[in-house]
Amino acid sequence: MDKRSFIKTGIVGIGGLIAAPLIANARITRYLSSDKPGKFKLPDLPYSYDALEPHIDTQTLTIHHSMHHAGYTKRFNAAVKEAGITGKNVSEILKEVSKYPVAVRNNGGGYLNHKMYWKVMSPKGGGKPTGELLEAINNSFDSFENFKNEFTAAAKSKFGSGWAWLIVADGVLKVTSTANQDNPIMDVAEVKGFPILCIDVWEHAYYLKYKNRRADYIEAFWNVINWETVAFKFNKATS
Ligand code: MN
């Protein structure tokens, strides 16, 4: 029995003993993500799986992190190895992603995008930004409300799977969206820039709770946005 089929069998065996809620168990997360050790690691969430209730439900967050993000991480490591890429961080790889096989683009994007998505949310999130970030939003969009409407529209209207973004491009803030797991730092992105806020609009990000009501998920997302993190990224992008 090779390692992969041993692990699959192992998981089936464990599945018989452990009920679905225990998927959240950190030991299982490590187990699932440990069969192909690589340079890029699945980051821990900066909060517990139930911390964003009721806006982002526990089951969605658990599966999204421990299965989807773990999967992108695992496949990104494999794709990087396969492409013979060494000595580069994920940003450096994605900035020249057109040079590499599509598995690097899809899984590297999936790896980095989710890392950012967890960080721009917080159980203490919501409300409005302040200071220089709010000023920049007012300068670029006339008002916070206009920005909120534009970002919401980009997220709602993204056809199929993808992401909506707030980016810094040429010193101004812009709302944009990408398909699949593309990121605005990629050389293949139509609108390029440094992302400071993102929302995942793949169905796996909301379907268990919101079903086909993507708009309700997007509205709920405003209650968990971690503006401190967004402001930190804004400062990094503009300094
Ligand atoms: Mn996702």
Side-chain angles (χ1 to χ4, degrees), residues 20 23-24 28-29 32-33 40-79 90-91 93-94 97 102-123 125 151-152 154-167 175-186 188-189 195-226 229-230 233:
I23 282 172
I28 303 287
T29 304
L32 286 168
S33 54
F40 301 100
K41 310 278 181 221
L42 177 69
D44 288 332
L45 285 187
Y47 34 74
S48 63
Y49 282 127
D50 61 357
L52 303 180
E53 290 273 6
H55 310 294
I56 309 289
D57 64 287
T58 308
Q59 193 185 14
T60 297
L61 198 53
T62 304
I63 294 171
H64 202 170
H65 175 260
S66 70
M67 302 287 193
H68 290 280
H69 197 189
Y72 289 117
T73 304
K74 201 184 286 187
R75 292 189 299 272
F76 182 45
N77 279 309
V90 60
S91 299
I93 293 169
L94 297 189
V97 80
V102 71
V104 174
R105 174 176 175 175
N106 290 340
N107 295 298
Y111 172 70
L112 184 64
N113 296 353
H114 289 91
K115 265 181 82 154
M116 178 170 171
Y117 178 61
W118 313 134
K119 285 190 201 148
V120 298
M121 296 191 289
S122 164
F151 187 86
T152 298
K156 259 162 88 170
S157 63
K158 184 80 232 161
F159 185 77
S161 297
W163 295 72
W165 307 90
L166 176 62
I167 62 170
V175 164
T176 184
S177 66
T178 55
N180 304 318
Q181 294 294 356
D182 283 357
N183 181 300
I185 67 166
M186 289 180 177
V188 293
I196 64 170
L197 174 66
C198 62
I199 181 171
D200 187 347
V201 293
W202 282 58
E203 283 185 345
H204 69 226
Y206 61 88
Y207 206 87
L208 291 173
K209 179 180 171 79
Y210 295 98
K211 308 296 182 282
N212 61 330
R213 302 186 308 277
R214 187 193 282 188
D216 291 355
Y217 155 66
I218 297 164
E219 191 54 39
F221 178 74
W222 291 95
N223 296 311
V224 294
I225 296 178
N226 184 346
T229 299
V230 181
K233 288 180 180 293

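Order of appearance sets the numbers: ligands from 1, and atoms from 1 within every ligand.
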Name the orientation class of the two ring planes belonging to Tyr217 and Tyr210 (parallel below 30°, tilted from 30 to 60°, perpendicular beyond 60°). tilted

Please check this pair: side chain of Asp182 against backbone of Ala189, looking for a donor-acceptor N/O pair closer than 3.5 Å. no

The Mn ion (ligand 1) to nearest N/O/S of His69 below 2.8 Å: no

Answer yes or no: is there a side-chain heavy-atom contact under 4.5 Å between Trp163 and His114? yes

Below 2.8 Å, can you find an N, O or S atom of His64 next to the Mn ion (ligand 1)? yes

Please find the pair of heavy atoms, one from Ile167 and one from Pro195, that lie closest to each other, and give the distance. CG2-CA, 3.8 Å

Of all the N, O or S atoms in Asp200, which has the shortest distance to the Mn ion (ligand 1)? OD2

Which N/O/S atom belongs to His204 and is the closest one to the Mn ion (ligand 1)? NE2

